[in-house]
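Read the structure below first, then the notes.
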Amino acid sequence: MGFKEQCYDLLKKVPQGKVTTYKALADALGTKAYRAVGNAMNKNPDAPRIPCHRVINANGALGGYAHGLKRKISLLKSEGIQIQNNRINLDQYGFDFQ
DNA sequence: CGGTTGACCAAGT
DNA sequence: GACTTGGCCAACC
């Protein structure tokens, strides 16, 4: 299993209605490859089984999405996540893999 | 095997 | 608040 697969596996643990960050994912994997995590997400566009849209920047900004941020925002909103000024409140919606 | 590219991050100015 | 800098690491060429 490669690095990317580990990212996806971990990402699948994030429940609907919550988000995580590239930093949190890398941290949970025991690496500092924050950027590599972003690359991994980018390679799996809207793969049906991987909720890439629940991954945002460590500062609460949205980050990116292979198929357009609008799509990402729509998905997040449909899960009940409120977005204000292109930002998400991590204290409220963040998931830290406990 | 070096060099470049990111959906990054933290600290400094 | 906004830039800039240096560092990080997998994937690709």
Side-chain angles (χ1 to χ4, degrees):
Chain A
M1 186 187 281
F3 177 80
K4 297 191 294 288
E5 279 70 23
Q6 293 190 42
C7 293
Y8 306 147
D9 241 29
L10 211 51
L11 181 54
K12 287 188 224 160
K13 297 183 181 175
V14 179
Q16 179 180 14
K18 295 267 185 179
V19 297
T20 187
T21 68
Y22 303 99
K23 176 179 161 67
L25 283 170
D27 206 53
L29 288 176
T31 178
K32 292 143 199 130
Y34 314 128
R35 298 181 99 158
V37 172
N39 278 335
M41 297 301 125
N42 190 27
K43 279 197 177 177
N44 261 347
D46 54 358
R49 53 196 196 94
I50 300 172
C52 304
H53 58 281
R54 293 189 198 140
V55 189
I56 64 175
N57 289 1
N59 62 359
L62 285 174
Y65 195 65
H67 295 279
L69 276 180
K70 299 201 75 132
R71 185 83 184 268
K72 184 170 185 175
I73 293 171
S74 297
L75 289 166
L76 290 170
K77 280 190 169 182
S78 71
E79 293 188 358
I81 295 171
Q82 309 300 325
I83 300 171
Q84 306 178 26
N85 203 353
N86 279 327
R87 291 205 160 208
I88 292 174
N89 186 335
L90 280 171
D91 290 330
Q92 185 175 0
Y93 298 111
F95 177 74
D96 289 332
F97 301 103
Q98 293 174 13

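In what follows, chains are A, B, ... by sequence order, proteins preceding strands, each numbered from 1.
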Which part of the nucleic acid, if any, lies within contact of A/Ala36, taking any heavy atom under 4.0 Å across all strands shown: a base, the sugar-phosphate backbone alone, or nothing?
base
Would you classify A/Tyr22 as touching base, sugar-phosphate or nothing, given that sugar-phosphate means primed atoms plus P, OP1 and OP2, and contacts are heavy atoms under 4.0 Å?
base
In whole Å, what is the span from the CG atom of A/Asn59 to the P atom of B/dA11?
13 Å
With rounding to the closest Å, how many angstrom separate the P atoms on C/dG7 and B/dA7?
22 Å
Rounded to whole Å, please give me the gap between CE in A/Met41 and C1' in C/dA10.
12 Å
Please tell me if the side chains of A/Phe3 and A/Leu29 come closer than 4.5 Å, counting only heavy atoms from C-beta onward.
yes
Rounded off to whole Å, could you give me the NZ-to-P distance for the A/Lys32 and C/dG7 pair?
15 Å
May I have the distance from A/His53 (atom NE2) to B/dA7 (atom P), rounded to whole angstrom?
19 Å
Residues 79-91 of chain A side chain polar contacts: donor-acceptor under 3.5 Å, at least two apart:
{"unit_1": "A/Glu79", "atom_1": "OE1", "unit_2": "A/Gly17", "atom_2": "N", "d": "3.3"}
{"unit_1": "A/Glu79", "atom_1": "OE1", "unit_2": "A/Arg54", "atom_2": "NE", "d": "2.8"}
{"unit_1": "A/Glu79", "atom_1": "OE2", "unit_2": "A/His53", "atom_2": "NE2", "d": "2.9"}
{"unit_1": "A/Glu79", "atom_1": "OE2", "unit_2": "A/Arg54", "atom_2": "NE", "d": "3.2"}
{"unit_1": "A/Glu79", "atom_1": "OE2", "unit_2": "A/Arg54", "atom_2": "NH2", "d": "2.9"}
{"unit_1": "A/Arg87", "atom_1": "NH1", "unit_2": "A/Asn59", "atom_2": "O", "d": "3.1"}
{"unit_1": "A/Asn89", "atom_1": "OD1", "unit_2": "A/Asp91", "atom_2": "N", "d": "2.9"}
{"unit_1": "A/Asn89", "atom_1": "OD1", "unit_2": "A/Gln92", "atom_2": "N", "d": "3.3"}

Less than 4.5 Å apart, any side-chain heavy atom of A/Thr21 and any of A/Tyr34?
no
Just the rounded figure in Å: distance from C1' of C/dA10 to OH of A/Tyr8.
11 Å
Which residues in residues 81-98 of chain A have a heavy atom closer than 4.0 Å to any atom of DNA chain C?
none
Is the distance from OP1 or OP2 of B/dC8 to the nearest side-chain N or O of A/Asn57 less than 4.0 Å?
yes
A/Leu25 atom CG is separated from B/dC8 atom P, nearest whole Å, by 13 Å
Taken to the nearest whole Å, OH/A/Tyr34 to C1'/C/dG6 is 14 Å
Keeping A/Tyr8 on the side-chain end and A/Ala40 on the backbone end, is there a donor-acceptor pair under 3.5 Å?
yes
Side-chain donor/acceptor of A/Lys72 to backbone N/O of A/Val55, under 3.5 Å
yes
Distance, nearest 0.5 Å, that separates SG of A/Cys52 from NE2 of A/His67:
8.5 Å
Distance, nearest 0.5 Å, that separates NZ of A/Lys12 from CG of A/Leu10:
10.5 Å
For atom CG of A/Asp27 and atom P of B/dA10, their distance in whole Å:
10 Å
Return yes if the base of C/dC8 and the side-chain atoms of A/Arg35 contain a donor-acceptor N/O pair under 3.5 Å, otherwise no.
yes
Return the 5'-most residue of the pair A/Lys23, A/Asn39 with respect to DNA chain B, ranking by each residue's nearest nucleotide.
A/Asn39
